[in-house]
Each structure stands twice: as C-alpha cells, then as structure tokens.
Amino acid sequence: MIEVRSVTKRYGRTVVVDDVELTLPAGGLVSIIGPNGAGKSTLLSIVARLLPADAGSVLVDGHDVASTPGDVLARRLAVLRQENHLTVRLTVRDLVAFGRYPHSRGRLTTTDEAHVDAALEHLGLTDLAGRFLDQLSGGQRQRAHVAMVLAQDTEYVLLDEPLNNLDMKHARQMMRMMRRAADELGRTVVVVLHDINFAAAYSDRVVAMRDGAVVVQGTPAQIMTPEALHAVYDMDIAVHDVAGAPLAAYYV
Amino acid sequence: MTTAPPLATQDVAPAQTPARAPRAGRRRLWLTATCVLLAVLAVLSTFVGVSDVRLGSLLADEGTARDVLLLSRLPRTAAILLAGSTMAVTGVVIQMLVRNRFVEPSTIGTTESAGLGLLVVTLLAPGMALPGKLAVAAVAALAGTLLFLGVLRSVPVRSVVTVPLLGLMLSGVIGAVSTFIAYRADLLQTLSSWMTGDFSGIVAGRYELLWAVAVLTLVVYVTADRFTVVGMGRDVATGLGLSYRTVMALGLGIVSVASAIVVVVVGALPFLGLVVPNVVSLLAGDNLRRSLPWVALLGAGLVLVCDVVGRVVRYPYEVPIGVVMGVVGAAAFLYLLLRRSTDVG
Ligand SMILES: Nc1ncnc2c1ncn2[C@@H]1O[C@H](COP(=O)(O)OP(=O)(O)OP(=O)(O)O)[C@@H](O)[C@H]1O
Ligand SMILES: [Mg+2]
C-alpha cells in the first residue's frame, strides 16, 4: 500500500503539490491524469524518493520513503521518469541489465539474465539488444527505459508517461503489459497518462490532479463523466458509450 | 519483493546465454591481444635511448647496460604505464561524475590545484617529507574539484559546452595564481616541472609512489558499476538504491589523490583523460565494467608511444612528453569531434 500523507512541495512561493492525501492499495493499476503542470510528476517523484517533500510523508508498505535505506526501497519500488536522457553510451541490453542492480550489485546471475531477457522480450527489444541507445528511435528508446524498470522486478512500479513517443500498437501493448503485471503477478502499477481513454480502459482506479491537488478520484466510470472531466481539464468533453465502455471524445 | 516470481518467468527461453557467449569470448581475445601488444611495446621501449642497451650489451659489458636497464629504463617504462593508465581512468571517472564527456582532471582545475598546493607547501614548509607534501597536494586537488562542482551548481545553464569551458576558465585562474606566486618566489621552474609531464627524470627510487595509483585504478575497476550508474544521473542512481553522495565522494577522492600523485611524480599529462575515454566510448560504449580495461590499456599505450616518439624524433635529444602528447592528443581529439558530427553512431 502506498500512503501519501499531507504531502506539500513548493518552489519558492509557488505550491506545486498542495497538501495531498492519497491511499493506493496494493495490487492493481492506478492512473494519474491531469493537465500539464498539475503536479503529477512532482508527486510521483516524491513517492519514489527522488524529490524530498517540504511537508508530509510517503509510506510504502509502512516504510517511510524518506528514511528507508535506498537499496531496500529499490527492491520494492521502481520508477520511470518523464525525461530519460542519458549521456553515457550504453547498449539496450546493458541498460536493462542495470535494472537488476538492486538485486545483483552488478554481478548478474542466471536469474538476473532471465529477467533481463524477459524484459527485452516483453518490450519487443530482443533484436535491438546489442544496439547503443543513441542508435534507436525515440519510441524504441522509451521502451528500453521501461524494460529497465520492469527488469528491476519490484512490487511497486511507477511510470511517468510511459506512452511517450509510442505508436498505437506499442502503446496498446504497453498498457496490456501493465495490466498483466497487475493481474498475473499482483504488482501495483501507478502510471501517469495523458490519454484518458487509455486510462479508463485499463485502470482499476483513476486519480485526477489539478493545480497540485487531487480533484477527483475513483473508478474509470466515475471519472469518465463530462462533469468530472470538466472539473479536471476545464473543457467540455462528451463521453460516449462504445460497446459498454466509456470513450471520451476530446479531439473535437 | 524478492519473493515475487519474476515477471512472466514462463516466457524465458532457456537457450539465450550461448548466443552471447561468443561475443564475450571475442572481446576477451581482443583484450588479451592488446595486452600482449602493449607488453611487447613496453619491452621494446626499454631498448630506446642514449645509452647503449641491447641484448648483446646486456650480456657483454660489465654491468653498465644492466644498470641503465634496471635503474632507469625499466622504472621509466613502469612509470609511463602506471601514469598513462591512471590519468585515462581518472578522466573517465570524472566524466561519469560530472556527466560530461569533455572534462578531465587537467581541464577542471584538479591538476592545477594540486600544483598550487605543492607550491604553497614548498614555500611554507620546505622541509616537509614527501608523504606530507603529497597529502597537501591531494587535499588541494580535492578542494579545486569541489570548487568546480560548486561553480557548476551555481550556473543556471549547463550545456555540453559550458561545462568544459567553465572548467578551463577555473583551471586558468588557478594556474595564473600559481604562476604569480611562483614568479614572486622564484619557483617558476619547479612549478613547470609539475605542470609538464616528463619521464626523463624517472629513476629507481623516484617513481615507486606510482604503484599507489595502480591500487586506486583497481578500486575503480572493482566499483565500476557504481560509476556507470552515477553516470546515468542522480535520479537513476537513487532509483536503483545507490547512494549518489557516497559514490560521488569515492570518485572525487580517487581522482584527486591519483592526479596529485601523478603531478608529484611525473607532472601533468594533459589530453589523456579526454582523448582515451572518448575513443573507447565510440568503440565500446560507456559500460565501465567492460570499457575500463580498454581505457587503462589505451592510456598506457598512448603515453608509451608518445614517449618513444619523443625520445627518437630529435635523437639524441628528448622532446618532452607533454609536447608530443599535445600534438597527438589535439589531432586525435579533432578527429573525434569531426567524426562524431558526420556519423550518427
Ligand atoms: N525545478 C522546478 N522549479 C520551479 N518550478 C517547478 C520545478 N519543477 C516543476 N515545477 C513546476 O511545478 C509544477 C508541477 O510540475 P510537474 O512536472 O509535476 O507537472 P506535471 O503534472 O507532471 O505536468 P506534465 O503533464 O506537463 O508532465 C509546474 O507548474 C512546474 O512549472
Ligand atoms: Mg509530468
């Protein structure tokens, strides 16, 4: 379980995460949605102890992330950031293998190798494994970074906009993979998304943020109403029922 | 959780390891071949010089050739190999810590600060024993490196180009301070002996400190993965459970001490830490566990070749290694930059 307790983050006098309370039960897929600048990445970074909160605390299975030893947390929680530019020149396989670092400390066992192979396979990177990251397209590189996070093989997986740069096919594959990780392996996947239809179709719960606060949260059905979406995005969005599932028509 | 089953274990094909094995084997073969080549070069280099040292003279004359070999030529070659590999390795370490490919100890103020520290201790406590002087130089080198990092942190724009430029400016300032002090104290020649690498003064009894840098290089190799992870940035390192600050401290300590020792024993060897890691990065990438042996080997090899060239080109006089390295290093670096812009890899 992830418990966010009265977390606040400020930059100067601007409050970007404003006294957020949030409880995410273990297991399942949770999407965080919201407009640009809502504070989604900031909140996710605080949960993943990449950023210190100015007030409040985050507990993962009862462990305060600010005080739990980093290596202990790294075997329990993995995170993909929104931006993943690397200056080091690594092959795809090397990058993914570094996801095993919390377990192997650099000495890969056959189990580690199996995890790396599985992660490469899942993201369709087996044929590209020997390539350097700077020889990949943007979407391929994005998949490589997700593969690294998967290889870390943690109970909690936090992904900040994993669909960035992906085509339709790979975006759907990615969502299905996260769904499977939750269903078959009992993982807790928390994912920041911009496409509310993807969020609605695959999540157990959707958390909507705006101006540093959680404005709505609930099941996809509860979020996918014109009223709720208006509260989040300040837009009039029609929601249609397509084959029993809500679909937001936000294009026009 | 360690108890959780691996993600989709059922998909893991058992026959994947053999496919990678030949590549690792070929890598080892290349590495061994390069090692042998370097060893041969090293042995040959001991026969180059003003005094006549040949297999024949080693056996024939009454020990002069053997003395030259044992007291001068072998120490010199050992010093070259040790200093060359170390400076290349410190280059790659600082590049990981700063996350910029175009920095090395002599372009960010580390080397200059070591020189300044030595100068100050020479003025204030001329009688201090070598270990004491060395300690002062190492502390000064560390202070200079931290100053560079501090300046970096306070500058809002951190582009690929501004980082090395800031380093060069800082080195320039520290170098100027040293020159000023040395000028007033009539120590310019002493200062220049630290700031220009020169192996001609290396004899048995005057280089053994360099074995300490071999230990430091070994420490870097053992902890190579940590430096690669830190090279991926603070967030990735934290996410993987690595203490960013600890690795940073370890790396800065190693770079400072190693640079100080090299400055004290042979003098600065510019360009090495820049050229060698960049070449290796192009050929083998930046996974230090794999690339570090290459960095060390090529660093040693480059200095060895430059030294032999320096001894031969104006025979019987010697051109200082710093001059040869400057020419070779600049040319290599230019080639790298130009190649980089045309080749997507
Ligand atoms: N280092 C910083 N200094 C000052 N303000 C910052 C900093 N980082 C983020 N902010 C501000 O904090 C707010 C929240 O940023 P955050 O990255 O969490 O948004 P987000 O919801 O992830 O947006 P997006 O959908 O664009 O990724 C933004 O208004 C941003 O301008
Ligand atoms: Mg964001």
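What you are looking at is a predicted structure, and each value in this text was computed from that prediction instead of being measured. Each chain gets a letter, A, B and so on, in the order its sequence line appears, and its residues count up from 1.
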(message) Only pairs of heavy atoms separated by less than 4.5 Å count here; which of B:Arg234, B:Arg99, B:Met96, B:Gln95 has the most with chain A?
(response) B:Arg99
(request) Please list, chain by chain and in numerical order, all residues satisfying salt bridge (Lys or Arg N to Asp or Glu O under 4.0 Å) with A:Arg179, sequence neighbours excluded. (result) A:Asp183, A:Asp204
(message) Counting only non-hydrogen atoms closer than 4.5 Å, does B:Arg289 touch chain A with its backbone (N, CA, C, O), its side chain (CB onward), both, or neither?
(response) side chain
(request) Sequence neighbours left out, what passes side-chain contact (heavy atoms from CB on, under 4.5 Å) with A:Val192? Give chain and number order. (result) A:Ile32, A:Lys40, A:Leu44, A:Asp160, A:Glu161
(message) Does A:Arg105, at its CZ atom, have more than 12 non-hydrogen atoms belonging to other residues, nucleotides or ligands within less than 6.0 Å?
(response) yes
(message) Under a 3.5 Å cutoff, is there a donor and acceptor pairing between the side chains of B:Ser171 and B:Thr107?
(response) no
(request) Select one option (side chain, backbone, both, neither) describing which atoms of A:Phe98 are under 4.5 Å from chain B's heavy atoms. (result) both
(request) Keeping the roles fixed (side chain from B:Glu104, backbone from B:Thr90), state whether a donor-acceptor pair exists under 3.5 Å. (result) no
(request) Sort B:Ala224 into side chain, backbone, both or neither according to what part of it lies under 4.5 angstrom from a heavy atom of chain A. (result) neither
(request) Below 4.5 Å from any heavy atom of chain A, which atoms of B:Thr238 appear? Answer side chain, backbone, both or neither. (result) both
(request) Under 4.5 Å heavy-atom distance to chain B, tell me which part of A:Arg131 shows up: side chain, backbone, both or neither. (result) neither
(request) Please report the closest heavy-atom contact between B:Leu240 and A:Gln152, naming both atoms and the distance. (result) CD2-OE1, 3.6 Å
(message) Strictly distance-based, threshold 3.5 Å: is any side-chain N or O of B:Ser106 a donor or acceptor partner for the main-chain N or O of B:Pro270?
(response) no
(message) Heavy-atom pairs under 4.5 Å with chain B - which of A:Leu95, A:Asp94, A:Asn84 has more of them than the others?
(response) A:Asp94
(request) Measure distances from A:Leu73 to the heavy atoms of chain B and classify the residue's part below 4.5 Å as side chain, backbone, both or neither. (result) neither
(message) Does any backbone or side-chain atom of B:Leu288 lie under 4.5 Å from a heavy atom of chain A? Answer side chain, backbone, both or neither.
(response) neither
